[in-house]
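A quick write-up on the structure given underneath.
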Number of protein chains: 2
Amino acid sequence: MSVTPKAEGRHHHGALRRALLDAVAEIVLERGPEAVTLRECARRAGVSHSAAAPHFGDKRGLFTAFAAEGSRRLTASMEAALAALPPGADALARLAATGRGYIAFARANPAHFRLMFRTDLLDRTDQAWRAEMQGSFAVLERAMAVLAPRAGARDMRARLALAWSAVHGFCTLRAEGAGGDLWNPDARAAETAEDMVALLVSACAPSPGEAGSA
Amino acid sequence: MSVTPKAEGRHHHGALRRALLDAVAEIVLERGPEAVTLRECARRAGVSHSAAAPHFGDKRGLFTAFAAEGSRRLTASMEAALAALPPGADALARLAATGRGYIAFARANPAHFRLMFRTDLLDRTDQAWRAEMQGSFAVLERAMAVLAPRAGARDMRARLALAWSAVHGFCTLRAEGAGGDLWNPDARAAETAEDMVALLVSACAPSPGEAGSA
DNA sequence: CTCATAAACTGACCATCGTCAAGTTTGGAA
DNA sequence: TTCCAAACTTGACGATGGTCAGTTTATGAG
């Protein structure tokens, strides 16, 4: 619904790039990622089927740009959650906020989320995309680094894997509609996510052995 | 490489169903899920382009059958990990084994794993597929149920969500090649998975408050 | 205002895809 | 043997993605 078609009679669209990205999101929501078609995107934007080429190159380019936009929003969502924290929030609270930001992004942008990790649809060599992805990843790593500055590399990896995997898996299962009625009603999903992040944070906390540093 | 082409001259293939499913796996491994084509599968099986129809109906039918096979293998992998446990293994060990079985499946069958959760490619009304999925889910639920028989429904949901999400997310990120060098070398991936499951199990264990019941 | 150049977009082309509606072969039951 | 149902082939249809030459519009220099 959000895609802005070209004004009747005008030759230039004016914001075709944006309109095409919106069309991608729209189609993913309506009929799934598989149904996204260059021609259908063009149709919704009110332009001919090859109008996308100058902007994105080919279909892969369109998807990659869409995924890059997703990464940017993901980073912003996590950083917003961190910024909303009270000033003196500790490391555990920051980790939890990062996780909530991740989940909030996936919930608010299901189309982006479903597409951005389908690596077979993306041009992994695209520089803009790589930069955005690394930006998102850096936020995750920072959230973990601040938590356990003295942990060993291997333990650090395990905790990062657990945190990222749990949050990512939750969003994936939810976005793909797996999990059935486990988290279908929205209210229940939010509550489950909240509880899950709490459990998760306690699991990532420094184990009793290592002093509760920084 | 595993797909068996039709014998020269023969009209009947004899095992076309299996050959087509093998072709799907082969193509997913080589070029990703997006590259799977009915015609390409038929080509590899050495039959004509529409030979799949009697067996699977349409493309969606082929994918759904492939996903159902994946679910069956997933269930088997988890049950095998449980069966390999020493006789007196406790609830936590059973939970960890289920998780390891899940991860082992995804590692041994990356093509199945990547396809079976892409709900937009599947016929969700297919009865055989639904039955297999529920079978897999039942194993997960059983692993959690045995762990915290007295926990509240909400807490139970959170733990199931955490366990399933973490393991699933780990497999997804790994299968899609996200996570970069976090778990790329195989040895490191195995070790990370092992550590992660250990962390995860401790997070799902009954909290100190509730007695460590049977 | 006029005009030239760059960008945006159109329309037609080809190979490929999924599906359908015929035919043809095969294996097995009667 | 005869015959049928299932397995497979063939050929055709509309739709898709990628490409390219050509046309229209916007922009900026004079």
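Since the structure is predicted, the reported quantities are computational estimates derived from the model, not experimental observations. Reckoned from all heavy atoms, side chains included, excluding hydrogens, waters and symmetry mates. Just so it is clear: chains get the letters A, B, ... in the order the sequence lines come, proteins before strands, and each one is counted from 1.
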Hey, what's the ring geometry for W164(A) with F137(A), parallel, tilted or perpendicular (30° and 60° as the breaks)?
tilted
Whole angstrom value for the distance that separates C1' of dT10(C) from NE2 of H55(A):
14 Å
Can you tell me the distance, in whole Å, between the CD atom of E34(B) and the C1' atom of dG17(D)?
12 Å
Between dC8(D), dG18(D), dT16(D), spot the one nearest the side chain of D58(A), thanks.
dG18(D)
Could you tell me whether the phosphate oxygens of dG18(D), OP1 or OP2, come under 4.0 Å of any side-chain nitrogen or oxygen in S50(A)?
no
Would you say T172(B) and T172(A) are linked by a side-chain donor-acceptor pair, where the criterion is simply a distance under 3.5 Å?
no
Spacing of F63(B) atom CZ relative to dC17(C) atom P, expressed in whole Å
13 Å
Go through it in stages, so that I can follow the logic: the residues are R44(B) and E30(B), the test is salt bridge (charged side-chain N to carboxylate O under 4.0 Å, His left out), and I'd like the CA-CA distance, side-chain angles, deciding distance and then a yes or no.
CA-CA 13 Å; R44(B) 299 196 181 207; E30(B) 285 174 15; 3.0 Å; yes
Could you state the atom-to-atom distance from CD of E40(A) to C1' of dT16(D) in whole Å?
12 Å
Aromatic rings F66(B) and H112(B): how do their planes relate, parallel, tilted or perpendicular, breaks at 30° and 60°?
parallel
Here the distance between atom P of dC8(D) and atom CG of L20(B), to the nearest Å, is 9 Å
Can you identify which nucleotide, out of dG17(D), dG11(D), dT16(D), has its nearest atom closest to the R39(A) side chain?
dG17(D)
Note, R100(B) side chain near M78(B) side chain (heavy atom, < 4.5 Å):
no
From CZ of R43(A) over to C1' of dT10(C), roughly how many Å is that when rounded to an integer?
15 Å
If each of R17(B) and H49(B) is mapped to the nucleotide of DNA chain D with the nearest heavy atom, which maps nearer the 5' terminus, i.e. the 5' end?
R17(B)
With respect to the side chain of K59(A), which nucleotide from dG17(D), dT9(D), dG18(C) is positioned closest?
dG17(D)
Rounded to the nearest Å, what distance is computed from the CZ atom of residue R31(B) to the C1' atom of nucleotide dT16(C)?
12 Å
Which nucleotide in dC17(C), dC8(D), dT16(D) has an atom nearest any side-chain atom of T37(B)
dC17(C)
Length of the line joining L121(B):CG and dG18(C):P, which is rounded to integer Å:
12 Å
